[in-house]
There are 2 protein chains.
Amino acid sequence: METIAARAATQPKKKSEKKSAAAAYCPVRDVLHHLSDKWSMLVIRELGTQPVLRFNELKGAVPGISQKMLTTTMRKLEQNGMVRRTVFPQIPPRVEYALTPLGHEFHGHLTKLMQWACNNSAQIVGSRARK
Amino acid sequence: METIAARAATQPKKKSEKKSAAAAYCPVRDVLHHLSDKWSMLVIRELGTQPVLRFNELKGAVPGISQKMLTTTMRKLEQNGMVRRTVFPQIPPRVEYALTPLGHEFHGHLTKLMQWACNNSAQIVGSRARK
DNA sequence: CCGAATCCAGCGGGATACTG
DNA sequence: CAGTATCCCGCTGGATTCGG
């Protein structure tokens with residue numbers, strides 16, 4: 001894995017690459033940017049538990065999310081190859097969501113991180129209390 | 001670890017708890033909320049690589065961050081027990097940042113996730129291209 | 001049932017200037 | 001050097017309404 005510092009150090013000195021080469025692409029930043037919104041990780045968590053969920057099931061599983069944000073989030077996750085979206089053309093409509101293999105891999109890492117967060121949340125919250 | 005669904009399922013059916021009991025505390029959501037901003041994870045990554053960094057060293061290591069956001073981010077990470085902040089009362093000022101043991105644990109999990117992100121970014125970006 | 005389309009408030013966060 | 005202090009813009013995302 002490359003660090004940001006290392007990447008910055010290896011940047012050739014092109015003068016005036018359009019508008020400052022601050023756009024140096026970094027895969028970590030890119031992936032992080034697309035997953036660190038308010039709902040993505042929570043949705044992935046639910047889809048990692050349940051193998052397949054319908055729209056309203058997801059909505060019920062993630063308290064507080066609006067239809068708008070759920071739709072937006074699912075579309076983005078689909079774009080990023082994390083989620084497979086299956087539409088059943090019928091009345092009433094039926095849409096099912098499931099993690100892709102890629103999504104499952106991500107969920108594996110995420111799960112450990114969340115488990116850790118759960119175990120240490122007391123200490124984290126405790127840190128906020130002092131001063 | 002508790003899932004949101006499980007937590008939601010155990011919610012008693014109080015009708016009209018002020019304004020819907022959406023405030024049900026969830027440690028995962030709490031921790032995620034405090035770490036999924038634009039810069040926190042990137043800073044933690046750098047501090048995981050380097051054992052200790054001064055303010056401007058960090059600023060240089062995370063391209064694009066402003067002093068304002070770096071200060072804000074570091075204060076929040078300190079609040080959450082992720083980072084230890086050491087001030088040397090001298091002129092010119094000198095402030096050093098380092099991960100706490102808690103921060104190192106988090107960094108461990110985060111590193112694996114970022115490594116994965118690096119290895120699969122091509123596939124993720126590829127997914128975005130189609131349609 | 002699963003959205004799309006608006007409208008709009010809040011705040012994340014960038015630019016800039018000042019301070020000890 | 002390592003911050004504060006303002007100003008202010010844009011996007012996130014909540015509420016609501018309409019549609020197939």
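Computed from heavy atoms alone, side chains included, the values below leave out hydrogens, waters and symmetry copies.
- Nearest-nucleotide positions on DNA chain D place B:V87 closer to the 5' end than the other of B:V87 and A:I65.
- Distance from the side chain of B:M69 is smallest for C:dG14 among the nucleotides C:dC1, C:dG14, C:dG3.
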Under 3.5 Å donor-acceptor pairs involving side-chain atoms of residues 37-44 of chain A, not counting sequence neighbours:
| from | atom 1 | to | atom 2 | distance (Å) |
| --- | --- | --- | --- | --- |
| A:D37 | OD1 | A:W39 | N | 3.0 |
| A:D37 | OD1 | A:S40 | N | 2.8 |
| A:D37 | OD1 | A:S40 | OG | 2.9 |
| A:D37 | OD2 | A:S40 | OG | 2.7 |
| A:D37 | OD2 | A:K76 | NZ | 3.0 |

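- If you check D:dG3, C:dG14, C:dG3 against the side chain of B:K68, the one that comes closest is C:dG14.
- No N or O donor and acceptor, one from the side chain of A:K38 and one from the base of D:dG13, sit under 3.5 Å apart.
- Atom-to-atom, CZ of B:F55 to P of D:dT4 comes out at 9 Å; the value is rounded to the nearest Å.
- Relative to the side chain of B:D37, the nucleotides C:dG13, D:dA2, C:dG14 differ in distance, and C:dG13 lies closest.
- Considering only the side chain of A:W39, D:dG13 comes nearest among D:dG13, D:dG3, C:dC2.
- The nearest whole Å value for the distance from the NZ atom in A:K76 to the C1' atom in D:dC11 is 11 Å.
- Separating the CG atom of A:L70 from the P atom of C:dC1 is a distance of 14 Å, rounded to the nearest angstrom.
- In this entry the distance linking CZ of A:R75 with P of C:dC2 reads 12 Å, nearest Å.
- Distance B:I91 CD1 to D:dG3 C1': 12 Å, rounded to the nearest Å.
- Under a hydrophobic clustering in which Ile, Leu, Val, Met, Phe, Trp and Tyr are joined whenever their side-chain heavy atoms come within less than 4.5 Å, directly or via other members, B:L47 and B:F88 fall into different clusters.
- B:H33 has its NE2 atom 11 Å from the P atom of D:dG13, to the nearest Å.
- Contact check for B:V28 versus A:R45: side-chain heavy atoms found under the 4.5 Å cut-off.
- Each of C:dG3, D:dC1, C:dC1 was ranked by its minimum atom distance to the side chain of B:R54; first place goes to D:dC1.
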With a cut-off of 3.5 Å and sequence neighbours excluded, list every side-chain donor-acceptor pair involving residues 58-75 of chain B.
| from | atom 1 | to | atom 2 | distance (Å) |
| --- | --- | --- | --- | --- |
| B:S66 | OG | B:M69 | N | 3.3 |
| B:T71 | OG1 | B:Q67 | O | 2.7 |
| B:T72 | OG1 | B:K68 | O | 2.8 |
| B:T73 | OG1 | B:M69 | O | 2.6 |

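- Note on A:Y97: only backbone sugar-phosphate atoms sit closer than 4.0 angstrom, heavy atoms only; bases stay farther off.
- With C:dA4, D:dG3, D:dG20 as the candidates, the nucleotide lying closest to the side chain of B:Q67 is D:dG3.
- Going from atom CE of B:M74 over to atom P of D:dT4 covers 13 Å, rounded to whole Å.
- A cation-pi arrangement is absent between A:R85 and A:Y97 under the rule of less than 6.0 angstrom and at most 45 degrees off the ring axis.
- Nucleotide D:dG3 holds its C1' atom 15 Å from the CD atom of B:Q90, rounded to whole Å.
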